[in-house]
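Reviewing the structure listed below.
We count residues from 1, following the sequence as given. All heavy atoms count here, side chains included; hydrogens, waters and symmetry mates do not.
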Amino acid sequence: MISWIREEDFQRVKAKGLSFVELDVNDRVKEFLDALEQTKEYSKKYDLPVAAIGRWGSARIDENGIREEELAIEYSLIDAAAELGTGIYITGCNYVDSLSYYENCSFAIAYFEKLIAYGKEKNIKIATYNCRWNNFVCNAEAYKIIHGYLKDLYIKYDTSHCINAGGDYLQETRDWGKRFIHVHLKGAVKIEGKVYDNPPAGMDQTDWTSFMGILYGLGYDGGLSIEPESAYWHGELSDRGVDYTIRYFRNMMI
């Protein structure tokens with residue numbers, strides 16, 4: 001489950017019988033790095049590995065290419081992932097409007113090449129997220145060019161992002177599922193073509209049985225990470241929604 005670095009976060013995930021946490025750092029890099037030793041202790045105490053670390057939203061390139069300060073931050077987080085025994089680092093790349101699509105792809109490839117090389121030294125695999133938050137490496141067009149070229153670049157996939165953008169998540173899974181290394185379980189509901197909510201997975205419009213059937217048919221054996229993110233499910237209701245998702249997927253797998 002997507003969580004954070006406080007002890008109560010680990011306690012909550014453990015109480016629900018889940019097997020790992022995912023830590024999404026985003027703009028909390030200093031807080032995360034300062035608490036690294038404590039996070040290691042919590043992970044060990046509650047027997048909850050940190051299966052993936054991600055950082056969303058940052059601008060990794062500009063008109064001149066790679067932003068070196070961003071690269072340094074990513075390296076520090078890959079180092080932290082190695083210390084925590086995490087095998088996956090999730091990242092993305094922004095689109096620079098003043099550049100052509102070719103130039104954006106070229107800079108993104110150069111950026112990911114550096115992360116992949118650094119990750120290999122630490123036994124960390126690099127994956128892109130398909131969230132649209134300041135990221136254009138999120139659909140089949142970009143996958144064909146960037147992942148088609150970078151054979152060691154993986155994908156963290158979230159069906160809701162594809163659905164909300166009007167894409168075909170089953171087609172993307174069929175074509176690129178062998179590169180999926182981490183999957184988010186988050187619901188999606190659209191009404192009259194507009195995004196309405198991201199309710200608990202299993203209480204939404206996603207064809208989860210077909211999605212999982214394609215994934216497992218392709219041999220997927222990576223993590224399934226619950227992401228509770230709803231405009232309407234808060235507090236106790238959100239907690240009950242997570243419980244529903246857990247039951248839903250466990251019953252499906254059984």
Side-chain angles (χ1 to χ4, degrees), residues 23-33 52-81 88-121 124-169 171-173 175-176 179-182 184 186 188 190 193-195 198 227 229:
L23 302 178
D24 293 347
V25 178
N26 302 340
D27 59 355
R28 302 174 289 186
V29 174
K30 186 177 187 304
E31 179 185 356
F32 172 72
L33 293 177
I53 292 173
R55 181 167 174 256
W56 275 243
S58 298
R60 273 79 174 198
I61 63 172
D62 58 24
E63 290 181 344
N64 299 312
I66 295 171
R67 298 182 66 213
E68 294 298 330
E69 63 272 28
E70 284 295 313
L71 191 62
I73 292 171
E74 303 269 69
Y75 285 167
S76 70
L77 293 175
I78 292 172
D79 288 339
I88 303 167
Y89 181 69
I90 305 166
T91 185
C93 189
N94 56 295
Y95 192 87
V96 180
D97 289 335
S98 60
L99 300 177
S100 67
Y101 191 74
Y102 172 83
E103 290 169 313
N104 274 280
C105 288
S106 296
F107 284 156
I109 286 171
Y111 188 79
F112 293 136
E113 280 181 324
K114 289 181 178 293
L115 294 184
I116 291 168
Y118 193 80
K120 283 183 177 180
E121 296 176 6
I124 307 292
K125 292 180 178 178
I126 308 301
T128 58
Y129 52 81
N130 73 321
C131 172
R132 272 66 175 169
W133 179 12
N134 207 21
N135 172 54
F136 79 98
V137 190
C138 57
N139 54 38
E141 181 181 28
Y143 295 157
K144 186 174 182 180
I145 297 171
I146 295 173
H147 292 76
Y149 180 73
L150 297 173
K151 307 303 183 185
D152 293 326
L153 183 63
Y154 296 88
I155 297 168
K156 185 285 300 175
Y157 200 76
D158 183 326
T159 57
S160 73
H161 297 309
C162 182
I163 292 169
N164 291 341
D168 186 336
Y169 62 98
Q171 181 180 9
E172 290 184 357
T173 303
D175 295 343
W176 292 96
R179 299 290 281 276
F180 290 7
I181 198 172
H182 195 69
H184 280 187
K186 185 173 73 176
K190 294 180 77 173
K194 296 181 180 180
V195 176
N198 297 124
E227 181 181 2
E229 186 181 295

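Side-chain N/O atoms of Glu103 and Ser100 include a donor and acceptor closer than 3.5 Å. For the residue pair Tyr118 / Asp79, a side-chain donor-acceptor distance below 3.5 Å is found, with atom types taken as modelled. Counting only N and O atoms by type, the side chains of His147 and Thr128 include a donor and acceptor under 3.5 Å apart. Residues Glu172 and Tyr143 have side chains that never bring a donor and an acceptor to within less than 3.5 angstrom of each other.
The CG atom of Asp158 sits 8.5 Å away from atom CD of Glu229, with the distance rounded to the nearest 0.5 Å. For the atom pair CD1 of Ile61 and CG of Asn94, the computed distance is 5.0 Å after rounding to the nearest 0.5 Å. Interatomic distance, CD1 of Ile73 versus OG1 of Thr91, reported as 10.5 Å (0.5 Å rounding). To the nearest 0.5 Å, atom NZ of residue Lys156 and atom NE2 of residue His182 are 8.0 Å apart. Atom OG of Ser106 and atom CG of Leu99 lie 10.0 Å apart (nearest 0.5 Å). To the nearest 0.5 Å, atom CG of residue Asp168 and atom CG of residue Asp175 are 9.0 Å apart.
Arg132 places a side-chain N or O within donor-acceptor distance of the main-chain N or O of Asn130, the cut-off being under 3.5 Å. Using a distance-only test at 3.5 Å, with no hydrogens or angles considered, no donor-acceptor pair links the side chain of Asn135 to the main chain of Gly92. Under a 3.5 Å cut-off, the side chain of Asn104 and the backbone N or O of Phe107 do not form any donor-acceptor pair. Distance alone, capped at 3.5 Å, is enough to place a donor-acceptor pair between the Arg28 side chain and the Asp24 backbone. A donor-acceptor distance shorter than 3.5 angstrom exists from the side chain of Asn134 to the backbone of Gly57, with no hydrogens or angles considered. Distance alone, capped at 3.5 Å, places no donor-acceptor pair between the Arg60 side chain and the Leu71 backbone.
Side-chain contact between Phe112 and Val137 is present, with heavy atoms from C-beta onward closer than 4.5 Å. Side-chain contact between Arg55 and Val29 is present, with at least one heavy-atom pair separated by less than 4.5 Å. Two residues are said to be in side-chain contact when any heavy atoms from C-beta on lie closer than 4.5 Å; Tyr169 and Ser160 fail this criterion. Trp176 has its side chain out of reach of Tyr157: every pair of non-hydrogen atoms, C-beta onward, lies at least 4.5 Å apart. At least one side-chain heavy atom of Phe32 sits under 4.5 Å from a side-chain heavy atom of Leu77. With a 4.5 Å cut-off on side-chain heavy atoms, Ile163 and Lys190 count as touching.
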Starting from the C-alpha separation in whole Å, work towards a yes-or-no answer on side chain to side chain contact (heavy atoms under 4.5 Å, CB included) for Trp133 and Asn26. CA-CA 11 Å; Trp133 179 12; Asn26 302 340; 3.9 Å; yes
Can you check side chain to side chain contact (heavy atoms under 4.5 Å, CB included) on Ile126 and Tyr154, steps first, answer last? CA-CA 6 Å; Ile126 308 301; Tyr154 296 88; over 6 Å; no
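Taking the six-membered ring where the residue is Trp, Tyr129 and Trp56 present parallel rings, their angle staying beneath 30° rather than reaching 60°.
A side-chain contact (heavy atoms from CB on, under 4.5 Å) with Ile181 is found for exactly one of Ile155, Ile88, Leu153, Ile90, namely Ile88.
Enclosure of atom OH in Tyr149 is not indicated, since only 12 or fewer non-hydrogen atoms of other residues, nucleotides or ligands lie within 6.0 angstrom.
A salt bridge links Asp152 to Lys120: at least one charged side-chain nitrogen sits closer than 4.0 Å to a carboxylate oxygen. Using a 4.0 Å cut-off between charged nitrogen and carboxylate oxygen, Lys114 and Glu74 do not count as a salt-bridge pair.
Shortest non-hydrogen contact noted between Ser58 and Glu70 is CB-OE1, 3.3 Å.
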